[in-house]
Amino acid sequence: MSDFIAPADEAGVVAAIQSAIAAREPLSIEGNGSKRGLLRPVQAARGLTTRGLTGITLYKPTELVLSARAGTPMPEIEATLAERGQMLAPEPPDMRGIFGVAEPATIGGLVATNLSGPRRITVGSVRDHLLGIRFVNGAGEVIRSGGRVLKNVTGLDLCKLLAGSHGTLGVLTEVTMKVLPAAEASATLAIAVPDLAAGVKALSAGLTSPFGVTGAALRIDPHGATALLRLEDLSESVRYRGARLREDLASFGDVSLIEDSAGLWRGIRDAEPLGAAEEDAIWRLSVRPSAAPALAAALQAAFGARLLLDWGGGLIWVAGPATEAAHAAVMAATAAARGSFTLFRAPAPMRAALPVMPPEAPALAAIAARVQAALDPFGLFNPGRMRSRP
Amino acid sequence: MISLPPPKPEILARRDAIVAELHALLPADAVIHEALRMRPYETDGLSAYRQMPLAVVLPSTTDQVAAVMRYCHEQGIRVVPRGAGTSLSGGALPLEDAVVIGLMRMNRILEIDFDDRLAVVEAGVTNLGITKAVEHEGFFYAPDPSSQLACMIGGNVNMNSGGAHCLKYGVTANNLLGLKLVTPTGDIVEVGGDHLDSAGYDWLGLMTGSEGMLGIVTEVTVRILRGPEGARAMLAAFKGTEIAGQAVDAIIGSGIIPVALEFMDKPCIHACEAFAHAGYPLDAEAMLIIEVEGSVAEQDFLLHRIKEICARFDPISLKVATSVEESMAIWKGRKGAFGAVGRISPDYLCMDGTIPTGELPFVLKRIGEMSTQYGLQVANVFHAGDGNLHPLIMFDANDPASFHRAEAFGADILKLCVEVGGCLTGEHGVGVEKRDLMHVQFHPHELDQQRAIKTAFDPAWLLNPHKVFPLTEHA
């Protein structure tokens with residue numbers, strides 16, 4: 001795809017969509033395209049990018065709220081928040097490494113993909129922190145949902161619907177996020193565990209403690225595994241809770257305290273310890289934590305899967321050969337665990353040929369088709385990105 | 001008075017046959033059609049509005065709900081779902097030609113898993129019932145609406161209920177994993193699951209807060225959380241609402257997010273003190289209740305920091321609880337606020353707008369002016385951390401003119417909330433109460449977009465068709 005329209009403002013987005021309606025010409029929708037390799041390749045001759053819609057439009061630190069145009073690069077948002085000691089609490093990952101791209105993600109792309117990092121287990125996902133949106137629907141109308149206040153139940157919550165919809169329901173032009181103070185201090189307990197099952201138990205023990213664990217990941221090493229539990233709070237609290245938690249976890253294995261663990265968690269956030277080879281396919285699975293050990297064992301047996309667990313075992317990053325057989329094993333194991341999967345990275349022909357997420361029950365699929373038609377009546381936006389269209 | 005869509009005469013005419021056919025679908029005692037026994041279902045927490053339904057059914061299983069929904073879909077009969085009937089926005093108000101589906105018999109707890117930190121419960125389990133079922137292991141279900149003793153989780157999902165502690169723990173939408181529901185056409189579907197963040201459209205998020213318009217929720221998988229080691233409250237009273245607002249900003253600006261941050265104005269302080277004798281300072285213009293969590297040492301440290309911040313704003317009094325009992329005493333007045341206002345006024349309307357917290361002083365000043373203009377007293381309680389304002393407008397229901405003035409006053413407050421950048425409802429829902437104000441917050445084409453999504457779920461507009469949207473040709 002060579003032909004990208006890059007409007008400078010929302011009115012330009014509306015105009016571009018109106019032209020697409022007139023020509024009945026589908027559009028590939030993206031921000032900076034940093035996650036273009038995610039899900040299925042889009043079947044569209046032309047593209048629409050929101051990269052021209054930039055800038056923070058509202059930031060009120062004491063009201064815990066920030067609005068930005070959809071194309072604003074994430075580093076700009078993160079730097080602005082950091083100046084006031086605040087953050088996007090769900091810890092959105094930076095997937096440039098995974099996808100081998102140079103340009104950073106945009107805030108609109110983040111919302112459209114709803115990707116959250118380690119802190120998601122405690123504070124919720126990107127969609128949980130999304131307060132309001134402006135988007136252009138497939139009829140070329142500007143629609144607002146939510147707002148700039150923390151509590152809002154006025155009308156149907158289209159923020160939830162658009163978050164994670166991968167640009168298939170509307171083109172986001174501006175988003176408003178809840179922001180939170182970054183913790184004054186943090187520390188991580190590392191527990192050497194014999195295997196994955198013991199590791200998940202250790203993570204559960206941390207997450208069921210009263211100490212407010214904000215990260216619970218499991219790194220698989222050649223001869224065992226390391227369970228990592230993060231504490232973030234005022235420094236007095238981190239010191240106290242670290243000592244208490246260390247006592248509680250001693251029965252699971254040798255516990256060590258890592259005082260400066262920011263880089264460690266940045267790596268886990270971005271799935272670096274997965275150690276995926278360049279030619280590997282990557283899957284991202286969401287399951288009930290207690291189902292993780294059996295699922296992991298099945299994938300290791302099927303194709304020698306490389307693994308990284310986060311969210312107390314509820315998020316499983318999987319790397320393996322980009323083959324149909326490996327994909328079939330992932331689908332079967334995830335279905336057996338009643339979980340969800342995303343084919344996160346794979347060669348385009350593989351992503352085009354195989355389901356990149358679990359199928360929807362027929363009754364729900366019928367509703368999905370009608371909801372899609374309600375927002376994008378001409379089927380213009382990112383056709384085929386999430387599921388192949390009949 | 002609220003207007004309702006005209007009943008379908010062909011449905012009213014077939015009432016006896018419909019009741020007989022519902023009997024055939026359900027156990028003998030699950031269909032209610034006698035006027036006297038239907039009476040409790042004619043209204044909810046917004047008792048100014050009443051409407052008797054066609055019939056009431058009380059299914060005990062998801063399959064029974066689906067059977068009723070399929071039947072009503074085939075026959076073109078409207079349906080109104082109902083949990084405990086505690087809605088303050090008329091969310092459970094019936095229609096004359098509608099079957100009310102009451103979920104209160106679906107009150108089983110199906111599964112509790114502490115290691116995976118989840119519980120699977122039927123829609124008719126009460127909010128507090130979930131916490132009661134898990135508290136022996138130190139766990140709780142976080143959203144805590146004031147009605148938590150009575151309100152049911154199915155209703156909480158449909159209204160996306162909040163509570164006093166959502167500044168830290170979020171609202172219902174942030175504490176769910178999955179739902180089992182029956183679609184308007186009678187299909188049983190599951191959305192979300194027993195894990196986080198399913199791939200695909202976020203049906204779980206869209207259903208939450210959809211006010212019973214998209215489906216009937218029958219089972220809910222909730223996240224349960226391990227509670228903190230302890231919690232303690234402090235009280236800070238100030239000479240002006242503006243100063244109290246500045247203190248709130250300073251606390252949050254310092255990087256501390258208290259687990260609760262409640263604001264009361266002078267009329268509310270007086271009403272609560274007369275009722276609860278909690279030791280509230282009667283000379284204060286505004287008072288904050290601030291709660292923190294952690295070990296005793298952590299509480300001491302946090303409360304000390306907050307006390308130091310409050311001290312910069314010339315407080316009238318600062319009282320830090322030194323025990324659980326003192327903490328409960330501080331909360332006692334606030335928790336009894338609605339009852340306290342009920343004592344000084346025969347009736348009151350509880351409003352529920354949200355505003356950007358920085359607008360609080362201006363909004364309270366305007367509400368005071370409106371109070372004079374309408375000749376009605378108002379007391380304000382406010383979840384200060386998240387901007388959710390609850391003005392209690394006092395009136396006399398025996399005087400229709402007083403009720404209409406109270407409604408107009410309430411509408412003006414909500415319009416003001418939208419004007420300053422907020423919204424019509426923070427946690428009570430639109431229901432029928434705020435339906436006709438939706439155009440204040442949304443453009444017509446935005447409401448049409450929402451209606452089109454409702455239509456995608458419910459093409460014939462049979463499920464709760466008279467809620468949320470201003471009445472149109474759809475309803």
Side-chain angles (χ1 to χ4, degrees), chain A residues 60-64 85 114 116 120 124-125 127-128 137 141 143-144 147-157 160-161 163-165 180-181 184 204 207-210 212 234 236-237 240 286-290 311 314 338-342 357-358 360-361 363-364 367-368 370-371 374 386, chain B residues 114-117 159-160 162 170-171 174 183 187 189 193-202 205-206 209-210 226-229 249 252-253 255 257 294-295 297-298 301 354-358 386-388 421-427 429-430 438 441-442 445-446 449-450 452-453 456-457 468:
Chain A
K60 300 251 182 186
T62 59
E63 293 181 7
L64 306 175
N114 188 30
S116 310
R120 191 263 175 269
S125 62
R127 74 77 135 144
D128 289 313
N137 68 13
E141 299 167 320
I143 307 283
R144 300 163 304 151
R148 54 160 287 201
V149 289
L150 303 189
K151 244 160 121 188
N152 185 349
V153 296
T154 321
L156 291 178
D157 190 350
K160 300 285 192 301
L161 189 58
S165 68
L180 283 171
E184 181 180 286
S204 271
L207 288 165
T208 54
S209 78
L234 301 173
E236 287 81 352
S237 283
Y240 162 77
S286 174
V287 296
R288 188 172 178 154
S290 59
W311 301 355
R338 291 172 47 85
S340 179
F341 72 88
T342 306
M357 57 181 65
E360 223 154 23
L364 219 43
I367 291 173
R370 294 198 296 266
V371 167
M386 295 172 79
Chain B
F114 293 106
D115 277 344
D116 283 341
R117 305 168 300 279
M159 306 313 268
N160 194 11
V171 294
N174 315 118
T183 66
D187 292 303
V189 298
D194 54 13
H195 55 89
L196 302 165
D197 299 1
S198 294
Y201 292 146
D202 184 6
L206 181 65
S210 64
R226 175 68 192 266
E229 288 187 89
D249 278 358
I252 290 176
I257 302 290
S295 68
E298 288 177 290
F301 175 75
T354 307
I355 57 170
T357 52
D386 56 34
N388 191 193
C423 66
L424 295 173
T425 172
E427 55 186 0
V430 177
M438 285 291 271
Q441 189 172 331
F442 293 105
H445 73 277
E446 290 170 330
Q449 180 73 87
Q450 294 187 33
I453 289 162
F457 279 77
V468 180

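Computation of the quantities below employed the complete heavy-atom set of this structure, encompassing side-chain atoms and omitting hydrogens, waters and symmetry-equivalent molecules. All of these numbers come straight from a predicted model, not from anything done at the bench. Convention: sequence-line order gives letters A, B, ...; per-chain numbering from 1.
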**Q.** Side-chain H-bond candidate by donor/acceptor type, B/D116 with A/S290, under 3.5 Å
**A.**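 Checked: B/D116/A/S290 side chains pair up, N/O donor to acceptor below 3.5 Å.
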
Within-4.5 Å side-chain heavy-atom neighbours: [X] and [Y]:
X: B/H445; Y: A/N137; answer: no
X: B/L196; Y: A/S125; answer: no
X: A/T154; Y: B/M438; answer: yes
X: B/R117; Y: A/S204; answer: yes
X: B/D187; Y: A/I367; answer: no
X: A/V149; Y: B/D386; answer: no

What part of [X] lies closer than 4.5 angstrom to a heavy atom of chain B: side chain, backbone, both or neither?
X: A/V371; value: both
X: A/L207; value: both
X: A/A361; value: neither
X: A/E236; value: side chain

Q: Tell me, out of A/T62, A/L234, A/L150, who's got the most heavy-atom pairs with chain B below 4.5 Å.
A: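 Top option by heavy-atom pairs under 4.5 Å: A/T62.
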
Q: Could you tell me whether a side-chain N or O of B/T425 sits under 3.5 Å from a main-chain N or O of A/V153, the two making a donor and an acceptor?
A: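 Not at all, since once roles are kept as given, no pair shorter than 3.5 Å links the two residues.
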
**Q.** Donor-acceptor pair, side chain of B/E427 and main chain of A/K151, under 3.5 angstrom
**A.**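 Between the backbone of A/K151 and the side chain of B/E427 there is no qualifying donor-acceptor contact (under 3.5 Å).
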
Q) Going from CG on B/L206 to OG on A/S165, what distance comes out if it is rounded to the nearest 0.5 angstrom? A)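 Between B/L206 CG and A/S165 OG, I get 11.5 Å after rounding to 0.5 Å.
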
Q) Between B/D197 and A/S286, is a side-chain hydrogen bond (donor to acceptor under 3.5 Å, both in side chains) present by the stated rule, with each step listed? A) CA-CA 7 Å; B/D197 299 1; A/S286 174; over 6 Å; no

Q: Go through the structure and list residues passing salt bridge (charged side-chain N to carboxylate O under 4.0 Å, His left out) with A/K160, not counting sequence neighbours.
A: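 For A/K160 the salt bridge (charged side-chain N to carboxylate O under 4.0 Å, His left out) partners, ignoring immediate neighbours, are A/D157.
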
(Q) Less than 4.5 Å to any heavy atom of chain A: does that hold for the side chain of B/T183, its backbone, both, or neither? (A)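 For B/T183, the contact with chain A is made by the side chain alone.
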
